[in-house]
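Convention: sequence-line order gives letters A, B, ...; per-chain numbering from 1.
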Amino acid sequence: MILARVVGRLYSTIHHPSMGHKTILMLDRLKANGEPSGGSILAVDTVGAGAGQTVLVLDEGNGARQILGEADAPIRSVVVGIVDEIALSGAEQCDVRATVGLRIRGKGSGAGPSRGDESRDMSTASQ
Amino acid sequence: MNLAKVVGTVVSSQKEDSLTGLKFLVLELVDERRKATGASVVAADAVGAGVGELVLYAAGSSARQTRVTDKRPVDAVVMAIVDSWEIDGKEIYRKGRDDGELSP
Amino acid sequence: MHLGKVIGTLVPCVIYEGMEGVPLLWVQPLDKNQQPKGRAFVCADGTRMAGPDEIVYWEASREAALTLSPSFVPVDHAVIGIVDGVQLDDVQPDGVRLDREET
């Protein structure tokens, strides 16, 4: 699976029948620390992710078809989760200002608030 | 699929048992302007291509989706022989007319 | 899936059984801003309706073959749909959370 950030949407009327009314999101690929790695990818949304959110993308066909419940859909990339937080271990320095929205915690770096704040932030953000 | 020119064949006597009966071609990759990219690949042949022809080959697990390569350890297969193609409305290649050397 | 632009067409004289009549298109991959990125390749057209100069989205690997019928064909790139438009959001979301963190 890969980390990505929602940056837009794709609209299409002529497509393979299995695309139906699926939402196709334009995503920026992210590095482990939440910075864009330069690439972008289109993926089918299954979780209702919105612009700017950091998401988890499954980039493998068999799993994608299982999640969608369609045995013959030509789909490989599916957004399967919305990321709340990434915790990096070791000496990796995490500059939260380098990321948009995503909160990253490096162990021992002291960056990031407590978990209590985290959940409150998420509930605010989703409203 | 990628485009390539067949530049040779590979003969192997000691190989995985399931590869018996397959014909292997040496392909030189070609871009949309008929220029060699410098890369080459060995592919199984599913259509009966010959040396000198421009062909399309499929790579990865798709390459095992032919009768001759099914369930065999193959990751590239020649699946079409090219007759012609055009880019931006201009015909770049036509079989018979543009055979021979690739564009410089 | 990825964005691409149809830049040409290709006609085979011999093709693997089951793929007769499937349009083959030269596709130049594009980035999210629709600028060329990487080398062009040939796609099977799963929509059978795409033409030169159209922006399409395509998939690579074995999933590409699933756009065709029969799907047991050696296809590793296929056009899945024709793009009407791409809406890029200027995202500065959740930025509120970051500000709050800095103070």
Practice problem: Starting from the C-alpha separation in whole Å, work towards a yes-or-no answer on side chain to side chain contact (heavy atoms under 4.5 Å, CB included) for A:M26 and C:Y57. | Solution: CA-CA 11 Å; A:M26 174 66 82; C:Y57 58 103; over 6 Å; no
Quiz item: For chain A, which residues from residues 23-45 of chain C lie under 4.5 Å away (heavy-atom distances)?
Solution: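 Heavy-atom contacts from residues 23-45 of chain C to chain A are C:D31, C:K32, C:K37.
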Exercise. Tell me the residues of residues 61-87 of chain C whose non-hydrogen atoms fall below 4.5 Å from those of chain A, in number order.
Key: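 Result: C:S61, C:R62, C:E63, C:L66, C:T67, C:I80, C:G81, C:I82, C:V83, C:D84, C:G85, C:V86, C:Q87.
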Exercise. Return the option, out of A:D28, A:D59, A:L27, with the maximum number of heavy-atom pairs under 4.5 Å with chain C.
Key: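 Option with the top pair count is A:D28.
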Residue part contacting chain C, namely of [X], when any heavy atom lies under 4.5 Å:
{"X": "A:A73", "value": "backbone"}
{"X": "A:I24", "value": "side chain"}
{"X": "A:N62", "value": "backbone"}

Quiz item: If you look only at pairs with a residue in residues 7-28 of chain A, which of them pass as a ring-ring contact (aromatic ring centres under 6.0 Å, His included), with sequence neighbours excluded?
Solution: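 Qualifying pairs: none.
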Self-check item: Contacting moiety of C:I55, where chain A heavy atoms sit under 4.5 Å
Solution: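 Answer is neither: C:I55 stays 4.5 Å or more from chain A.
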Quiz item: Given A:V7 and C:D89, is the side chain to side chain contact (heavy atoms under 4.5 Å, CB included) satisfied, shown in steps?
Solution: CA-CA 5 Å; A:V7 294; C:D89 302 304; over 6 Å; no
Exercise. Mind listing the closest non-hydrogen atom pair of C:H2 and A:S40 along with its distance?
Key: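 Between these two residues, the closest heavy atoms are ND1-O, 3.9 Å.
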Practice problem: Just jot down the side-chain contact (heavy atoms from CB on, under 4.5 Å) partners of A:K22, sequence neighbours excluded, or say none. | Solution: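 With sequence neighbours excluded, A:K22 shows a side-chain contact (heavy atoms from CB on, under 4.5 Å) to A:V44, A:L68, A:E70, A:I75, given in chain and number order.
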